Number of protein chains: 2
Amino acid sequence: MTDSVLNSELSSQATKAHAYGKVDRDNLHDDLLSRLRDFIVEGHLLPGGRIPERHLCEAFHVSRTPLREALKVLAAEGLVELLPNRGSRVRQFTDKDIKDCFEVLAGLESAAGRLACARITDDEVAEIEQLHYDMYGHYMRRELPEYFRLNQAIHEKLVAASGNDALQATYRTFTARMRQLRYSANVLASDRWGQAMREHEKMVDALRRRSGEELATILFEHLLNKWRAAADSLEREDAQGS
Amino acid sequence: MTDSVLNSELSSQATKAHAYGKVDRDNLHDDLLSRLRDFIVEGHLLPGGRIPERHLCEAFHVSRTPLREALKVLAAEGLVELLPNRGSRVRQFTDKDIKDCFEVLAGLESAAGRLACARITDDEVAEIEQLHYDMYGHYMRRELPEYFRLNQAIHEKLVAASGNDALQATYRTFTARMRQLRYSANVLASDRWGQAMREHEKMVDALRRRSGEELATILFEHLLNKWRAAADSLEREDAQGS
DNA sequence: CTCGGTTAAAATGAATGCAAACCTGCGGTT
DNA sequence: AACCGCAGGTTTGCATTCATTTTAACCGAG
């Protein structure tokens with residue numbers, strides 16, 4: 001029965017994939033790779049479910065060779081599992097995996113904060129402050145989606161402000177992993193919202209004073225708290241579900 | 001002329017590759033991947049030089065399909081560059097790339113230190129202390145290679161002590177990038193040796209007291225100092241070379 | 001009816017084939 | 001002499017094909 005879900009998902013994507021239009025022969029790999037990654041990250045494939053290559057080929061209108069190349073890359077990125085002779089499946093993250101992922105993000109953001117403090121310009125700080133105030137407005141008005149969008153924007157801007165491409169790229173692969181879990185959106189519905197807001201206040205303050213060490217610690221704890229909230233809400237859901 | 005160098009390197013590898021022995025059909029991909037990665041990391045291919053697929057196929061006794069899959073993965077790992085329709089080459093790191101890489105390592109180790117402080121057992125601390133004292137011995141006797149080996153072992157143990165697989169895996173891909181540059185070995189020949197030793201003292205002390213925040217800062221700075229030393233010695237070499 | 005073994009269909013892993021893109025060397029033009 | 005174009009071989013990107021493994025369907029024995 002999972003198959004039927006999978007198939008319908010796949011066929012619905014077939015038209016969508018077609019809508020993207022034919023791509024240049026040259027860039028097929030990169031294009032296919034990002035399309036497939038998005039497809040997985042957006043949760044169109046059931047984690048743990050088997051994915052026959054042939055179906056994906058039809059869905060994306062490519063032959064198996066480039067598709068398999070893309071799958072190998074996605075496996076290296078940790079989004080997909082490849083079982084020898086038994087095909088590929090969307091990786092199913094354990095609780096431990098999720099915790100690990102949050103910790104890595106904590107480490108990366110923490111480092112980004114330190115580096116940003118050393119490099120960031122006043123203008124860039126002002127930009128982040130602006131985002132922060134806007135976000136505060138959404139917080140007061142209890143506009144969760146907008147709040148969430150700005151929250152993400154702030155974190156991304158901070159990472160970008162580190163001026164480190166490798167860090168940013170690594171950060172992205174881990175946020176991609178997280179997005180695959182529907183957590184992020186739900187987490188802040190809890191009573192953690194206020195706490196998160198206070199942590200953000202401190203972040204901006206530390207950044208304003210260019211206190212790298214302080215910012216690093218705040219960010220690290222902030223991310224770990226995010227995980228704790230995620231873990232809690234996950235537990236609640238599971239309790240409800242079963 | 002680069003071609004001739006490349007070719008001789010490749011043919012010499014052919015025998016070496018053969019020495020590994022035939023592998024199981026199933027694991028060809030993983031096996032080829034790590035062999036190719038090692039081959040590149042060990043510097044057997046000239047950075048920036050073109051690598052015809054055919055040559056690599058002959059060297060590793062595989063057809064182009066699995067080889068290309070491996071190259072795509074290595075490209076995703078950042079070890080190889082793929083130019084559309086123009087083949088693959090070993091990635092040539094700019095000074096900025098190297099700096100970025102050290103900073104990411106700093107972030108990761110720093111996070112590992114924080115996490116380790118929260119989790120590490122007394123026995124594990126004792127192990128690291130033992131390694132540290134051994135290393136100190138080599139330092140006193142000016143035995144650079146042994147010192148270097150233990151230094152690496154300590155850092156790896158610390159990362160392992162974080163208990164975070166994703167962090168450890170990411171750490172490895174970045175150390176692989178670094179190993180591709182011959183820096184690491186040369187760096188400590190400079191007068192930084194003493195400083196590095198003092199930093200390690202502080203690290204072990206912070207770890208013993210389970211002071212995560214302190215350890216995080218020490219590690220971060222330690223790694224950045226490593227980079228500064230590397231950059232300096234690089235400059236010196238360049239000055240000599242030209 | 002269930003379980004185990006057998007066999008056919010399907011899926012995977014790798015090799016081969018083919019068209020398009022790229023490099024190379026040569027001749028013609030300015 | 002330097003530059004441009006352009007045929008030839010070479011290399012790449014993708015599709016197709018082949019061999020092996022896995023999966024399922026089936027059938028008979030208990």
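Every chain is numbered from 1 and lettered A, B, ... according to where its sequence line falls, protein lines coming before strand lines. Computed from a predicted structure; not experimentally measured.
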Assert yes or no for the condition that the ring centre distance of B:F102 to B:F174 is strictly below 6.0 Å. no
Using atom CZ of A:R64 as one end and atom P of C:dA11 as the other, report the distance to the nearest whole Å. 10 Å
Rounded to whole Å, please give me the gap between CG in B:L67 and P in D:dT11. 14 Å
Return whichever of A:V62 or B:R54 has its heavy-atom-nearest nucleotide of DNA chain D closer to the 5' end. B:R54
Mind calculating the distance between CD (B:E69) and P (D:dG13) to the nearest angstrom? 14 Å
Can you name the one residue among A:T173, A:L32, A:L74 that meets side chain to side chain contact (heavy atoms under 4.5 Å, CB included) with A:R37? A:L74
Shortest side-chain distance from B:N85, nucleotide among C:dA21, C:dA14, D:dC14: C:dA21
Under 3.5 Å, is there any donor-acceptor pair linking the side chain of B:R86 to the base of D:dG13? no
Under 6.0 Å from the ring centre and within 45 degrees of the ring axis: does the NZ or CZ of B:R114 meet both conditions for the six-membered ring of A:F220? yes
Separation of A:H29 atom NE2 from D:dA15 atom P, in whole Å? 14 Å
Comparing A:P66 and B:E53 on DNA chain D - which has the more 5′ nearest nucleotide: B:E53
Side chain of A:R50, heavy atoms from C-beta onward: which of D:dT12, D:dT22, D:dT23 has the nearest atom to it? D:dT23
Value in whole Å for how far the P atom of D:dT11 lies from NE2 of B:H55: 6 Å
Please give, in whole Å, the distance from C:dG13 P to A:R68 CZ? 4 Å
A:E58 CD to C:dA10 C1': how many Å, rounded? 13 Å
Test: B:D97 and B:R91 ion pair at under 4.0 Å: yes
Check whether any side-chain N or O of B:D100 sits under 3.5 Å from a backbone N or O of A:N164 as a donor-acceptor pair, and report yes or no. no
Is there a donor on the side chain of B:T65 or the base of C:dA15 sitting less than 3.5 Å from an acceptor on the other? yes
Which whole-number value in Å describes the distance from A:L33 CG to D:dC14 C1'? 16 Å
